[in-house]
Amino acid sequence: MLDHLGTLERTHTSGALRAADAGQEVTLLGWVNRRRDHGNLIFLDLRDRYGITQIVLDKDLCPEGHAKAEHVRPEYVVAVRGTVRLRGVGSTNPNMATGEIEIVARELLVLNDAKLAPFSPAEDAIANEEVRLKYRYIDLRRAEMQRNFLVRHKVALAVRENLAAQGFLEVETPFMTRSTPEGARDYLVPSRVHAGEFYALPQSPQLFKQILMISGFDRYFQIARCFRDEDLRADRQPEFTQIDLEMAYPQQETIFRVVEGFLSAAFRAVGIELPTPFPQITYDESMRRFGIDKPDLRLPGLTDVKEAFTAEQLGTLAITADLPVIALRIPNVGELSRKDRDENKPLFDGRKGAVKYIDDLKRLEKGFPEAAAQVRALVGGEAQDLVVIVAGDATKPAEGSETKSEGRLSEREIQVYSAAGAFRVELARKYADRHGAFAETDRVVAAAAAGMTQTLDGGTSATHLASGTAFQPIWVTDFPMFEQDAETGRWLPSHHPFTSPHEADMDRLTSDPASVRAQYYDLAMNGLELGSGSIRIHRQDVQAKIFEALGMSAEEAKERFGFFLEALEYGTPPHGGIALGLDRIVMILAGAGSLREVIAFPKTAKAIDLMVDAPTPVAPNQLRDLHIRTVLKG
RNA sequence: GGGGACGUAGCUCAGUUGGUUAGAGCGCUGCCCUGUCACGGCAGAGGUCGCGGGUUCGAGCCCCGUCGUCCCCGCCA
């Protein structure tokens, strides 16, 4: 028998009451987290998103409520009217924010019962993801998930407030727009009115935000949903949210300051101080020092140790002499066991280019004691650090172009640096327990979370933790303007075709495309790409040149981007912008290993929503309206 | 498209070389209990070993296929 709510209203949340409230008459509503039945005395833990409060039902004081409580089960929704009472000496619970008090029930209303849940939100052990995703509403009741979404809310709010304070105006752009063939695959929306034609969901509001600059909206931002029909990863969902912004007349540094402003505000909102300005590194330098364009600065970078070897030694070791010899160091790994070595082998990705690694300085010491000692000296660190050498493999044929543009890395050099960089990431992940650099991030995240549990009502966190080495943002600048397609030899834009080249490199657009630097920048943090942006092309003649360099005819360009090229001709101010992944920022701040932990209703690796069971076939008449016939393989 | 891991009770997992009736913890059900808070005690229920096929006297275990979840490569301007 369920009770009606009647005119009852909640006076306090389950996280609000403290010792100072003793004696108050209160009404609490929430879920039954746990029930402890002592016969004539029953304890209920009442849970809502603000916390947990213990309710006492005493048969002598409230026989009716006590009788109901005997039949109450986990996840029932109940209302309690009663008195806040200080718990007796020895029965307080220091692990609970409300542990000094309890509610002595005068009346218990059972507002709704609940089937036995497939897993309990009260449990520490979490169910497998398939079950969690199917019963997402149960999963989201868990304190950890509630906290993740509080973090997300605070971050989004802080970003909006900060950008508004910096003079940015939020403008919405369409979800139903035009398909552009390059880039990611589009999610398409068939048109009923126009047979055989389709809208596309935006991969990003890129062209709209540039047009907003042409429209005079100086400083635009949007917390925008984006859609990309590509295969998923832990940090990639088919729909995701970007903090998207664009501004007129910016220098690159102007945009960096804007981002540093809202990102540090976002971190501050969850109690973490992020020092500004962020460090910067060029793409080439990032490749040299980290072998990747999204460096994780929590661990030491790469060192070129070629000078430790004589030409003869390189020959004996079958190391390609004209390529860098890279040492990478992972602190405090200690001796490698046979098992370690076997496991490490597949972690090295030597597929691209003739590259190999030497994981044992000891072996090197035997044959080449001076060289090994010099390598040690060059990479620094301690004796128990793991030092691995990655170099060109002289026994394999070289792959990739030899051409080296002035001041840039050659393709073969990049192969060595990339192999070393990727290996560094893999080894860092594998030996995380030993080097301890990632644990610092976890510690700060946990401390911030603990600070927030005290203020789950959404109030400002009292804690202000120094980020220290836990969060390491870095700007990566001067990306190459073009990448050469390995198969066709065609030059492709490494960002998008509206990115402006450096003014100084403009005259080499066709003579030496590989040497052209783009005014394109990424923001990386802890080995994760948080976002990327660029100064855009604002002149139609420059835009035409870029299309030409990309081997795109004027007709083709007009066909694809005609509306935009036309817009460029009506007084376009110099402009630029950036987009940061909101989900990824929250993922870092929540200490989550996957975007699914910070997206309320995410999709599986096969892009399925297990809760609503989407996608599904649709009724034949729906397809008929849309002029669509489906043809299934097999 | 490719590689890898996993799939056994509601949940988390164990299950030896292929061998009797497939186990544990938590949860659940019933009874008992007035200071618990991961309450405790007693008793009990609960299994298409993902699915299909094969090998075998005999399959949770071996083989083939398939489905699902996760991670990675490709892909993601």
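Sequence lines set the chain letters: A, B, ... in the order given, protein chains first and strands last, and positions in each chain run from 1.
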**Q.** Presence of A/Lys352 side-chain N/O under 4.0 Å of B/G74 phosphate oxygens OP1/OP2
**A.**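 Looking at the OP1 and OP2 atoms of B/G74, one of them is under 4.0 Å from a side-chain N or O of A/Lys352.
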Would you say A/Arg596 reaches B/U69's phosphate, i.e. side-chain N/O to OP1/OP2 under 4.0 Å?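 So the side chain of A/Arg596 is outside the cut-off, no N or O lying under 4.0 Å from OP1 or OP2 of B/U69.
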Any Lys/Arg nitrogen of [X] or [Y] sitting under 4.0 Å from an Asp/Glu carboxylate oxygen of the other?
| X | Y | result |
| --- | --- | --- |
| A/Glu100 | A/Arg18 | no |
| A/Lys294 | A/Asp522 | no |
| A/Glu102 | A/Arg85 | yes |

Distance between the [atom1] atoms of [N] and [M], in whole angstroms?
| N | M | atom1 | result |
| --- | --- | --- | --- |
| B/G27 | B/U20 | C1' | 30 Å |
| B/C75 | B/C61 | C1' | 38 Å |
| B/A5 | B/G23 | P | 29 Å |
| B/A24 | B/C49 | C1' | 16 Å |
| B/U69 | B/U12 | C1' | 16 Å |
| B/G19 | B/G46 | C1' | 26 Å |
| B/G60 | B/U16 | P | 12 Å |
| B/G25 | B/C63 | C1' | 34 Å |

In whole angstrom, give the distance that lies between atom [atom1] of [X] and atom [atom2] of [N].
| X | N | atom1 | atom2 | value |
| --- | --- | --- | --- | --- |
| A/Ile42 | B/C31 | CD1 | P | 12 Å |
| A/Asp231 | B/G3 | CG | C1' | 14 Å |
| A/Glu239 | B/C76 | CD | C1' | 16 Å |
| A/Glu597 | B/C70 | CD | C1' | 12 Å |
| A/Leu232 | B/C70 | CG | P | 8 Å |
| A/Leu347 | B/C72 | CG | C1' | 11 Å |
| A/Arg132 | B/C70 | CZ | P | 11 Å |
| A/Asp113 | B/U29 | CG | P | 12 Å |

Please identify each residue that fulfils salt bridge (Lys or Arg N to Asp or Glu O under 4.0 Å) with A/Arg132, with sequence neighbours left out.
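A/Asp139, A/Glu597.
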When both hydrogen-bonding distances must be under 3.5 Å and the geometry is Watson-Crick or G-U wobble, what is [N] paired with, if anything?
| N | result |
| --- | --- |
| B/C70 | B/G4 |
| B/A24 | B/U12 |
| B/G40 | B/C32 |

(request) Not counting sequence neighbours, which residues clear ring pair (Phe, Tyr, Trp, His ring centres under 6.0 Å) with A/Tyr135? List them please. (result)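 Expected list: none.
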Which residues share a ring pair (Phe, Tyr, Trp, His ring centres under 6.0 Å) with A/Tyr520, sequence neighbours left out |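 So A/Tyr520 forms a ring pair (Phe, Tyr, Trp, His ring centres under 6.0 Å) with A/Phe479, A/His495.
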Could you tell me which residues satisfy side-chain hydrogen bond (donor to acceptor under 3.5 Å, both in side chains) with [X], sequence neighbours excluded, listed by chain and number?
| X | value |
| --- | --- |
| A/Thr98 | none |
| A/Lys603 | A/Glu239 |
| A/Arg429 | none |

Under 4.0 angstrom, heavy atoms only, what part of the nucleic acid is [X] near: base, sugar-phosphate, or nothing?
| X | answer |
| --- | --- |
| A/Ser494 | sugar-phosphate |
| A/Pro346 | nothing |
| A/Glu483 | nothing |

On RNA chain B, nearest-nucleotide positions of A/Glu426 versus A/Ala117: which is more 5'?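 Between the two, 5'-proximity favours A/Ala117.
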Under a 4.0 Å heavy-atom criterion, the protein footprint on nucleotides 33-39 of chain B, written with B, S and -, is BBBBBSB
request  = Scan residues 521-540 of chain A for pairs that pass ring-ring contact (aromatic ring centres under 6.0 Å, His included), counting only residues two or more places apart or in two chains.
outcome  =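 Every ring-ring contact (aromatic ring centres under 6.0 Å, His included) pair that includes a residue of residues 521-540 of chain A, provided the two are not neighbours, is A/Phe256-A/Tyr521.
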Dump every N/O contact between nucleotides 11-15 of chain B and the protein below 3.5 Å, one line per pair.
| residue | atom | partner | partner atom | Å |
| --- | --- | --- | --- | --- |
| B/C11 | O4' | A/Pro118 | O | 3.3 |
| B/U12 | OP1 | A/Asn128 | N | 2.5 |
| B/U12 | OP1 | A/Asn128 | ND2 | 3.2 |

Side chain A/Arg233 and base B/G74 donor-acceptor under 3.5 Å: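 Yes, the side chain and the base share a sub-3.5 Å donor-acceptor pair.
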*asked:* Is it the case that B/C76 (base atoms only) and A/Arg236 (side chain only) share a donor and an acceptor within less than 3.5 Å, ignoring hydrogens and angles?
replied: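 Yes, a donor-acceptor pair under 3.5 Å.
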(Q) Ring centres under 6.0 Å, that's the criterion: do A/Tyr199 and A/Phe175 meet it? (A)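 No, ring centres 6.0 Å or more apart.
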